[in-house]
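Heads up, the thing below is written out as structure tokens.
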Amino acid sequence: MTIEFQTDRLLLRKFSEEDAAAFYRLNADWDVMQYTGDKAFESIAESQAFLKQYDPYSSNGFGRWTVLLKSNNEVIGWCGLKRLDENTVDLGYRFFKQHWNKGYATEAAKACLNEGFENYGLKEIIGRTAKLNLGSIRVLEKIGMSYFKEAPCEGIENSVYYKINKKDFKG
């Protein structure tokens, strides 16, 4: 397992086919998925097929990263960057419910912003979530992002968009 970067409590690495069962379980939880606009995997095999073909790392240098606890290497979710177009990179995250409200999403998201700004030369990163997803909005605000618009986003009509520029990031 090659660790891309880490925080005090977390390890972040590229997605791997070994994540298939964990990601299947993560996406099977309605509470986790309700604001994403994504469909759950129908099987572990479907999750594995997704992971096998997932490779923005070679085209962008970055992508979403599997998040593990340093203490026991448990997969607790994912967090990372996604290039939407030439000028837009999105920060996203998804964590198992039992790990909510422990600061992991904020810790991982802040590390991903730092990675994007310091190692990939990004000037701005956005975050998008459903307007009703108050937990995700709190994370975006805690890492220094500011609201800039409301617009539909990948199947979610009432979404809010946040952004942060490199010069405003306080890593």
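Just so you know, residue 1 is the first one in the sequence shown, and it goes up from there.
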Apply salt bridge (Lys or Arg N to Asp or Glu O under 4.0 Å) to the pair Lys97 and Asp31, showing each step before the final yes or no.
CA-CA 8 Å; Lys97 193 170 29 187; Asp31 289 332; 2.6 Å; yes
Are a donor atom and an acceptor atom from the side chains of Tyr35 and Ser159 found within less than 3.5 Å of each other?
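There is no such pair between these side chains.
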Side chains of Glu141 and Tyr162, donor plus acceptor under 3.5 Å
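There is such a pair between these side chains.
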Pairwise side-chain contact, [X] with [Y], heavy-atom cut-off 4.5 Å (strictly under):
X: Asn133; Y: Gln34; result: no
X: Arg83; Y: Leu122; result: yes
X: Tyr93; Y: Cys112; result: no
X: Val89; Y: Glu124; result: no
X: Glu107; Y: Asp8; result: yes
X: Tyr147; Y: Val160; result: yes
X: Lys110; Y: Phe169; result: yes
X: Leu132; Y: Leu134; result: no

For the residue pair Lys166 and Phe117, would you count it as a cation-pi contact if the rule is NZ or CZ under 6.0 angstrom from the ring centre and within 45 degrees of the ring axis?
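No, Lys166 does not lie over the aromatic ring of Phe117.
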Of all heavy-atom pairs between [X] and [Y], which one has the smallest distance, and what is that distance?
X: Glu150; Y: Asn158; answer: OE2-OD1, 4.5 Å
X: Leu91; Y: Cys79; answer: CD1-SG, 4.2 Å
X: Glu115; Y: Trp65; answer: CG-CH2, 4.1 Å
X: Ser47; Y: Ala20; answer: OG-O, 2.9 Å
X: Cys153; Y: Tyr161; answer: CB-OH, 3.4 Å
X: Gly116; Y: Leu81; answer: CA-CD1, 3.7 Å

With ring pair (Phe, Tyr, Trp, His ring centres under 6.0 Å) as the criterion, how do Phe62 and Tyr57 come out once you've worked through the C-alpha distance, each side chain's angles and the decisive distance to 0.1 Å?
CA-CA 5 Å; Phe62 57 82; Tyr57 312 112; 9.0 Å; no
Do Phe95 and Tyr104 have their ring centres less than 6.0 Å from each other?
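Distance test on ring centres: not under 6.0 Å, no.
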Same apolar cluster (I L V M F W Y, side chains within < 4.5 Å links), [X]/[Y]:
X: Leu51; Y: Ile3; result: yes
X: Leu84; Y: Tyr54; result: no
X: Ile137; Y: Ile156; result: no
X: Val139; Y: Trp100; result: yes

To the nearest 0.5 angstrom, please state how far the CG atom of Leu12 sits from the CZ atom of Arg64.
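It comes to 12.5 Å.
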Set out, in order, the CA-CA distance, both residues' side-chain angles and the distance that settles salt bridge (Lys or Arg N to Asp or Glu O under 4.0 Å) for Asp38 and Arg94, then state yes or no.
CA-CA 12 Å; Asp38 293 338; Arg94 192 172 297 168; 2.7 Å; yes
Going by salt bridge (charged side-chain N to carboxylate O under 4.0 Å, His left out), Asp90 matches just one of Lys82, Lys163, Arg128. Which one?
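The single option meeting the salt bridge (charged side-chain N to carboxylate O under 4.0 Å, His left out) with Asp90 is Arg128.
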Starting from the C-alpha separation in whole Å, work towards a yes-or-no answer on side chain to side chain contact (heavy atoms under 4.5 Å, CB included) for Val67 and Leu11.
CA-CA 6 Å; Val67 180; Leu11 303 170; over 6 Å; no
Tell me, with the steps shown, if Phe23 and Phe15 meet ring pair (Phe, Tyr, Trp, His ring centres under 6.0 Å).
CA-CA 10 Å; Phe23 283 14; Phe15 284 2; 5.0 Å; yes
Would you find more than 12 non-hydrogen atoms of other residues, nucleotides or ligands less than 6.0 Å from [X] atom [atom1]?
X: Lys70; atom1: NZ; value: yes
X: Glu74; atom1: CD; value: yes
X: Lys131; atom1: NZ; value: no

Thr36 side chain to Met33 backbone, donor-acceptor under 3.5 Å
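Yes, because the side chain of Thr36 sits within donor-acceptor range (under 3.5 Å) of the backbone of Met33.
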salt_bridge(Asp19, Arg13) N-O dist < 4.0 Å
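Yes, this pair counts.
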